2 protein chains.
Amino acid sequence: MSEQQRDAVANPAKRPTIRDVAAVAGVSKSLVSLVYSDPEKVSEARKGRVLAAAEELGFRPNLLARSLATNMSDFIGILVADPVNPVFAEIIDAASLEFDRAGRRGLMTTAVLPQSGTVRLLNEGTIATLSDLRPRSVLIAGSLPDVTSLGSLAEDRPVVVASGLAEGLPSAGSVRTDDRKGLALLIEHLTSLGHSDIAHLGGMTAVGRSRADAYEEAMTRHGLARHVHVQDSDFTELGGYVAATSLLSRENRPTAIIAANDLAALGVQRALDERGLTPEDVALTGYDNSFLASIAGVSLTSVDPHNGVIGREAARWLIEAEAGNDSLPHELLIEPRLVVRRSSGSGI
Amino acid sequence: MSEQQRDAVANPAKRPTIRDVAAVAGVSKSLVSLVYSDPEKVSEARKGRVLAAAEELGFRPNLLARSLATNMSDFIGILVADPVNPVFAEIIDAASLEFDRAGRRGLMTTAVLPQSGTVRLLNEGTIATLSDLRPRSVLIAGSLPDVTSLGSLAEDRPVVVASGLAEGLPSAGSVRTDDRKGLALLIEHLTSLGHSDIAHLGGMTAVGRSRADAYEEAMTRHGLARHVHVQDSDFTELGGYVAATSLLSRENRPTAIIAANDLAALGVQRALDERGLTPEDVALTGYDNSFLASIAGVSLTSVDPHNGVIGREAARWLIEAEAGNDSLPHELLIEPRLVVRRSSGSGI
DNA sequence: CTGTTAGCGCTTTCAA
DNA sequence: TTGAAAGCGCTAACAG
């Protein structure tokens with residue numbers, strides 16, 4: 001009786017290994033390994049026997065052992081910048097669906113320490129753990145506060161940022177909305193409603209700056225350069241509320257406010273509400289077209305970045321890049337569309 | 001020149017191992033291992049030297065190797081039942097904070113296949129991957145559609161369900177809101193406003209049934225047994241909308257509707273809105289007190305389950321259980337409080 | 001505390 | 001295709 005067999009008898013509950021499968025299928029251990037790592041190279045007949053034996057024993061390859069041997073796991077690491085922002089849930093959902101279609105798996109973690117307040121802190125512990133597990137590639141949803149401390153996670157593997165800028169990650173790709181087109185749509189919409197005193201609220205993050213620049217550009221193109229006003233705000237409800245409070249206490253308050261995203265727009269809406277201001281007094285728009293915008297009591301005019309498309313394209317890009325095909329553009333801009341609702345006072 | 005040294009010279013970029021650290025610190029490989037697995041047993045002096053050497057070399061233990069050897073990883077697996085429901089984000093946030101405090105790390109995945117529609121399908125692939133990585137314990141946020149196919153993930157390790165029932169998981173704990181107290185608060189509130197024809201919307205999930213039962217009980221206690229009406233609905237906005245549409249087309253529509261959660265309440269609100277019905281016509285309440293409820297244009301009266309407490313307690317329980325202390329109750333019920341807002345027409 | 005030995009389950013290489 | 005052998009980086013057990 002071999003060591004092997006004795007063990008199997010003594011400990012029948014133990015998870016089967018390739019050795020057990022090889023024994024049952026009557027093939028070599030190497031062949032079983034091959035079946036799982038490079039099935040093309042094995043004849044159908046033998047493959048069938050191996051798979052049957054595996055099925056019979058309830059064998060599943062040990063990911064940990066495989067990862068240790070190859071120095072690489074086969075899942076996709078997902079970093080979420082802000083779990084509270086529903087936009088990222090939409091993007092991750094779309095990406096996950098695409099991963100699933102490709103037979104790939106994603107494991108996620110929050111990139112930012114919860115409740116770290118206005119100064120968002122990278123959740124370095126979790127990121128290190130994810131990194132130690134050596135994911136084959138990494139999807140980042142949103143912009144990270146400090147990309148440099150991603151450390152080894154961003155090295156030696158494909159990285160794609162969905163709905164954020166790939167600043168500081170030279171080899172990373174980025175799939176995002178075309179802010180210039182988005183802001184152009186907003187300015188066109190608002191000017192067509194007669195607005196000229198249009199303020200922008202945002203500018204405090206990388207994406208915020210991009211949108212603020214696009215706002216300024218569009219305003220200038222419409223001959224409204226002297227009305228340009230950017231009020232500092234982050235992308236949170238509270239940030240929007242604070243910024244709006246300050247903006248609305250100015251002598252000449254704007255007749256329209258463009259918030260850099262839906263969450264901030266919600267904060268603006270609260271500030272307007274508190275002052276009894278309606279869309280007829282101050283038009284308001286957001287950006288993201290998250291489900292928040294479509295809530296009956298919110299009814300927020302918003303730019304739809306096509307979050308599903310962004311998530312899907314980011315996922316596809318990652319899968320392509322894993323296959324070694326990195327002849328892709330560094331940045332993929334998705335053309336947005338405008339969704340008009342009551343908040344802009346257009347009477348719809 | 002040893003194999004070891006030759007290798008270090010030939011490949012300086014290679015990640016250092018405990019052997020390298022041991023060499024630099026002038027101690028044995030075993031000691032280095034001990035420093036990371038059971039630091040208590042090592043004298044301060046030697047520990048200091050090992051840690052200094054590790055720092056100098058930039059050494060971090062290889063999680064994969066450790067996991068293979070111990071047949072167990074040291075992270076906590078997190079399963080999210082519904083990533084779109086903001087309640088779970090709040091719970092996970094609180095739990096993550098607690099994990100972080102304890103020096104533990106969590107890795108997350110969506111338990112349910114995105115866009116699988118009304119029949120929610122368990123995302124078995126990702127769950128299997130998580131399971132293969134052998135997390136030390138598992139936190140489940142929300143109720144899973146089919147717990148049986150969790151397979152080995154739920155075996156041989158502590159499992160705690162946060163904000164959901166541990167049905168089908170005999171050895172799992174559960175931290176959730178006390179539905180009976182929550183519904184009692186709601187019925188008291190609504191009856192004190194003069195309502196008696198109060199309908200309940202939910203009952204299609206495990207938690208839904210629990211709340212429906214609690215509703216019936218509270219109604220009966222208030223002598224309103226003949227007004228009991230449960231309209232089937234799931235926990236989504238669309239589900240709430242559909243259920244409300246059907247409910248409002250009845251001959252005698254109720255004067256108050258209790259939705260089983262905030263998301264469904266949002267759907268009810270949309271249906272009411274479409275019919276021009278105000279809180280004075282039909283009072284509406286939710287359950288979760290998610291940030292959705294506090295949005296100015298929503299202003300939903302809701303039961304606050306203390307999501308932060310639920311997440312925190314679930315995390316603590318898990319950490320306790322990992323330490324072998326499982327002399328804990330099978331279910332921990334958190335006492336909720338009522339947050340009154342405009343939707344119940346109480347004039348606030 | 002040290003040092004040695006064995007082993008976790010898989011991949012990889014190589015000669016047969 | 002096979003079988004053997006070495007190795008991934010760590011843990012675990014044990015004699016010193």
Side-chain angles (χ1 to χ4, degrees), chain A residues 2-4 6-8 10-11 13-23 25-50 54 57-74 131-134 136 152, chain B residues 2-4 6-8 10-11 13-23 25-50 54 57-74 131-134 136 152:
Chain A
S2 74
E3 171 93 17
Q4 179 67 14
R6 221 181 309 125
D7 189 64
N11 193 354
K14 210 178 129 189
R15 227 181 127 167
T17 72
I18 46 171
R19 306 172 106 87
D20 303 320
V21 176
V27 301
S28 72
K29 188 166 74 91
S30 315
L31 213 235
V32 178
S33 178
L34 245 201
V35 167
Y36 286 94
S37 51
D38 200 350
E40 312 284 284
K41 299 200 155 179
V42 183
S43 73
E44 285 305 321
R46 288 178 183 277
K47 200 185 334 193
R49 271 167 58 198
V50 168
L57 294 171
F59 168 81
R60 278 231 318 282
N62 183 323
L63 270 197
L64 255 17
R66 177 190 296 220
S67 304
L68 178 60
T70 60
N71 198 28
M72 170 132 298
S73 301
D74 74 345
S131 177
D132 284 346
L133 255 17
R134 298 211 181 3
R136 200 182 280 318
S152 58
Chain B
S2 74
E3 171 92 17
Q4 178 68 12
R6 221 180 310 123
D7 190 62
N11 195 354
K14 209 177 132 193
R15 229 181 125 167
T17 73
I18 46 170
R19 307 171 106 86
D20 304 319
V21 176
V27 299
S28 72
K29 188 165 74 90
S30 315
L31 215 235
V32 179
S33 177
L34 247 200
V35 167
Y36 286 95
S37 53
D38 201 349
E40 313 283 284
K41 299 200 155 181
V42 183
S43 72
E44 286 305 321
R46 289 179 182 277
K47 201 187 328 190
R49 272 168 57 199
V50 168
L57 295 172
F59 167 81
R60 280 232 318 283
N62 184 324
L63 271 195
L64 256 18
R66 178 193 296 223
S67 304
L68 178 60
T70 59
N71 198 28
M72 169 132 301
S73 301
D74 74 344
S131 177
D132 284 345
L133 255 17
R134 299 211 182 0
R136 200 183 277 323
S152 58

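None of these values were measured; they are calculated from a predicted model. Every chain is numbered from 1 and lettered A, B, ... according to where its sequence line falls, protein lines coming before strand lines.
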Closest to the [X] side chain, choosing from [options]:
| X | options | value |
| --- | --- | --- |
| A:Val27 | D:dC10, C:dT2, D:dT2 | D:dT2 |
| A:Phe59 | D:dA12, C:dC10, D:dC10 | C:dC10 |
| B:Pro61 | D:dC10, C:dG3, D:dG9 | D:dC10 |

Between [atom2] on [N] and [atom1] on [X], what's the gap in Å once rounded to a whole number?
| X | N | atom1 | atom2 | value |
| --- | --- | --- | --- | --- |
| A:Asn71 | D:dG9 | CG | C1' | 10 Å |
| B:Asp74 | D:dC10 | CG | P | 13 Å |
| A:Asn62 | C:dT11 | CG | P | 10 Å |
| A:Lys29 | D:dA6 | NZ | P | 13 Å |
| B:Ile18 | C:dG3 | CD1 | P | 13 Å |

Is there side-chain contact between A:Ser73 and B:Leu64, with at least one heavy-atom pair below 4.5 Å?
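The answer is yes, as the side chains (C-beta and beyond) meet within the 4.5 Å cut-off.
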Contact class for [X] vs. all strands (heavy atom < 4.0 Å): base, sugar-phosphate, or nothing?
| X | value |
| --- | --- |
| B:Leu31 | sugar-phosphate |
| B:Leu68 | base |
| B:Ser30 | base |

Can you see if the side chain of [X] gets near the phosphate of [N] - specifically, an N or O under 4.0 Å from OP1 or OP2?
| X | N | result |
| --- | --- | --- |
| B:Arg46 | C:dT2 | yes |
| A:Thr70 | C:dT11 | no |
| B:Thr17 | D:dG9 | no |

